[in-house]
Amino acid sequence: TRLSNTLIQLYGRFGGVKQARQVFDAMPSRTIYSWVSMLRAYAQNGHIEEAAQVYNRMPQLDLVTWTTMLVAYAQEGNLRESLQVFSEMRERDIVTWNAMLTAYAQNGCLAEAKEIFEMMPERDFVSCTAILAAYSEAGMVDRARFCFDQMPERNMVTWTTMLAAYAQRGLVDAAAKLFQKMPESDLIACNTMVSAYGQSGRLDEAVQVFEVMPVRSLVTWNAMLAAYAQSCHLDSAKKVFDSMPMKDLVAWTEMLVAYAHAGHLEEAKCVFDKMAQRDVVSWNVMVTAFGQNGYLVEAQRLFESMPFHSVMSWNSILVANSQFGEFQGSRLVFDEMPCRDTASWNALLLAYAQRGLDQKCKFLFDRMPEKS
RNA sequence: CAGUAGCUGCUCG
């Protein structure tokens, strides 16, 4: 039984929901571990309906089960259901509280996250890091730093979260200063710095951190590659790519970006066509690449052959239309979109503004659900 | 043997 439980977990982690289910079904007897593992396997792979079915069929529920289900809903963005599970729980431990806090934090509900943080009977590293990340995500770096300074104790995760908060806002020098003050540094902290320097075009410093690192992971290499790709250093990007001990989909996609930023669309397309896997991000990169360079028809064709679309795919094609098509085209795309975010509204707003359609602009602006 | 926090790729600003 234990072996089967572990198998279910492994399949779940690896995307093999079907196989996980086969193992589960073949079990002569199941423990609560089996049920939770199965529930989690579904949740991790985005099958929330199935996860809920497992949950409803479980012979008994416990703390871990409730928390797992709470997190499953939160990852779907379904905070209503998360909260429902949370309030129905007869007992809660610190993990549950942290899970609910994170649920709010990761969905941009800072006020609710703060409320949970205040209400918690006790707090640990996880709680403090989660609230720190919540401030960071809300763009409130100073609040995050205040929180960081108030913390009774810190570990590598809290330090790195603060580092990343600075990096995300482009405050590289603040990040570097903090990095130097860290009592120790680990792989992830170094990766954060490589990426921070890379994002602000400070390639020499990125390389410097990269070279001093005692161990590197795939993320390290990808961060270095992204740094070159973003700065249009195609040759260096290629060199990094070719020296990588391992390459994943992220690395390949970053190569697409490197080619696209350097204006080499045909080569990007060539790489794209021979990639072993493609996900929605790699597709989006291609659509964006063609769209930004005025190849509206190509972009449109790619968009239509995509096996899946995200909001960003739609936004990319919307922007392409705004810049190189008729403004009615933008409006059509906008109306056609299955879902919109702030970026979509901004893009259409910009399309109108660039054509001097001030009244339409004003009208749209007033109707925006939230403004940035 | 199961649940919660930190790092890399895509859109507008």
Side-chain angles (χ1 to χ4, degrees), chain A residues 1-9 31-40 62-72 74 93-103 105-106 124-133 155-165 167 186-196 198 217-227 229-230 248-257 260 279-289 291-292 310-320 322 341-351 371-372:
Chain A
T1 303
R2 279 202 186 190
L3 185 63
S4 299
N5 293 344
T6 308
L7 258 180
I8 295 173
Q9 289 153 30
T31 62
I32 186 126
Y33 293 93
S34 329
W35 286 93
V36 175
S37 304
M38 193 61 237
L39 164 47
R40 189 147 199 265
D62 68 355
L63 257 182
V64 175
T65 314
W66 284 317
T67 309
T68 307
M69 200 60 226
L70 188 165
V71 170
D93 65 3
I94 190 160
V95 175
T96 317
W97 283 95
N98 286 337
M100 196 63 231
L101 168 57
T102 306
Q106 288 177 348
D124 62 4
F125 281 126
V126 176
S127 339
C128 294
T129 313
I131 199 74
L132 194 61
N155 65 10
M156 284 309 300
V157 180
T158 47
W159 279 94
T160 312
T161 304
M162 195 60 235
L163 262 193
D186 69 357
L187 175 64
I188 296 186
C190 292
N191 288 346
T192 306
M193 282 316 295
V194 172
S195 173
S217 66
L218 187 51
V219 173
T220 320
W221 286 92
N222 284 342
M224 202 58 241
L225 177 53
Q230 201 216 297
D248 64 357
L249 182 54
V250 173
W252 283 92
T253 309
E254 283 171 346
M255 262 331 278
L256 296 180
V257 174
D279 67 1
V280 69
V281 177
S282 32
W283 279 96
N284 288 347
V285 170
M286 293 309 296
V287 171
T288 306
Q292 282 178 342
S310 64
V311 199
M312 287 198 195
S313 330
W314 282 96
N315 290 344
S316 294
I317 205 74
L318 175 62
V319 169
S322 305
D341 62 8
T342 328
S344 332
W345 287 86
N346 286 339
L348 189 62
L349 210 52
L350 197 67
K371 301 168 174 59
S372 57

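Letters A, B, ... mirror the listed sequences (proteins, then strands); counts begin at 1. Excluded from the calculations below are hydrogen atoms, water molecules and symmetry mates; all remaining heavy atoms, backbone and side chain alike, are included.
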- Rounded distance (Å) that lies between atom C1' of B:G9 and atom CH2 of A:Trp221: 17 Å
- Task: Please work out the stems of RNA chain B from pairs that are Watson-Crick or G-U wobble with both distances under 3.5 Å, keeping only runs of three or more consecutive pairs.
- Result: none
- Task: Mind checking side chain to side chain donor-acceptor pair (under 3.5 Å) for A:Asn222 and listing every partner two or more places apart, or none if nothing turns up?
- Result: A:Asp248
- Do A:Thr1 and A:Ser4 have side-chain N/O donor and acceptor atoms under 3.5 Å apart? no
- Query: A:Ala347 near the nucleic acid: base, sugar-phosphate alone, or nothing, with a heavy-atom cut-off under 4.0 Å?
  - Reply: sugar-phosphate
- Query: So, do A:Ser313 and A:Val287 sit near enough that their side-chain heavy atoms are less than 4.5 Å apart?
  - Reply: no
- Message: Output the rounded distance in Å from CG (A:Leu163) to P (B:U8).
- Response: 12 Å
- Within the side chain of A:Ser195, is there an N or O that forms a donor-acceptor pair under 3.5 Å with the backbone of A:Asn191? no
- Message: If you define the side chain from C-beta out and look only at heavy atoms, does anything of A:Asn155 sit under 4.5 Å from A:Thr158?
- Response: yes
- side-chain contact (heavy atoms from CB on, under 4.5 Å) against A:Ala320, all qualifying residues, sequence neighbours excluded: A:Leu296
- Residues passing the side-chain contact (heavy atoms from CB on, under 4.5 Å) test with A:Asp341, sequence neighbours excluded, are A:Val311, A:Asn315, A:Ala343, A:Ser344
- Query: When you measure from the side chain of A:Asn284, which nucleotide among B:U8, B:C10, B:G13 comes out closest?
  - Reply: B:C10
- Query: With sequence neighbours left out, what residues match A:Thr102 under side chain to side chain donor-acceptor pair (under 3.5 Å)?
  - Reply: none
- Message: Any base atoms under 4.0 Å from A:Gln230, or only sugar-phosphate, or nothing? Heavy atoms, all strands.
- Response: nothing
- Query: Hey, are A:Ser37 and A:Ser34 close enough side-chain-wise for a donor-acceptor pair under 3.5 Å?
  - Reply: no
- Note on the structure: Of the candidates B:G9, B:G13, B:U11, the side chain of A:Leu350 sits closest to B:G13
- Name the nucleic acid region contacted by A:Asp341, choosing base, sugar-phosphate or nothing; use a 4.0 angstrom heavy-atom cut-off, strictly under. nothing
- Query: Reading nucleotides 2-7 of chain B from the 5' end, what letters show protein touch, with B for base, S for backbone sugar-phosphate only, - for no heavy atom under 4.0 Å?
  - Reply: BBBBBB
- Message: Tell me the interatomic distance from A:Arg2, atom CZ, to B:C1, atom P, rounded to whole angstroms.
- Response: 6 Å
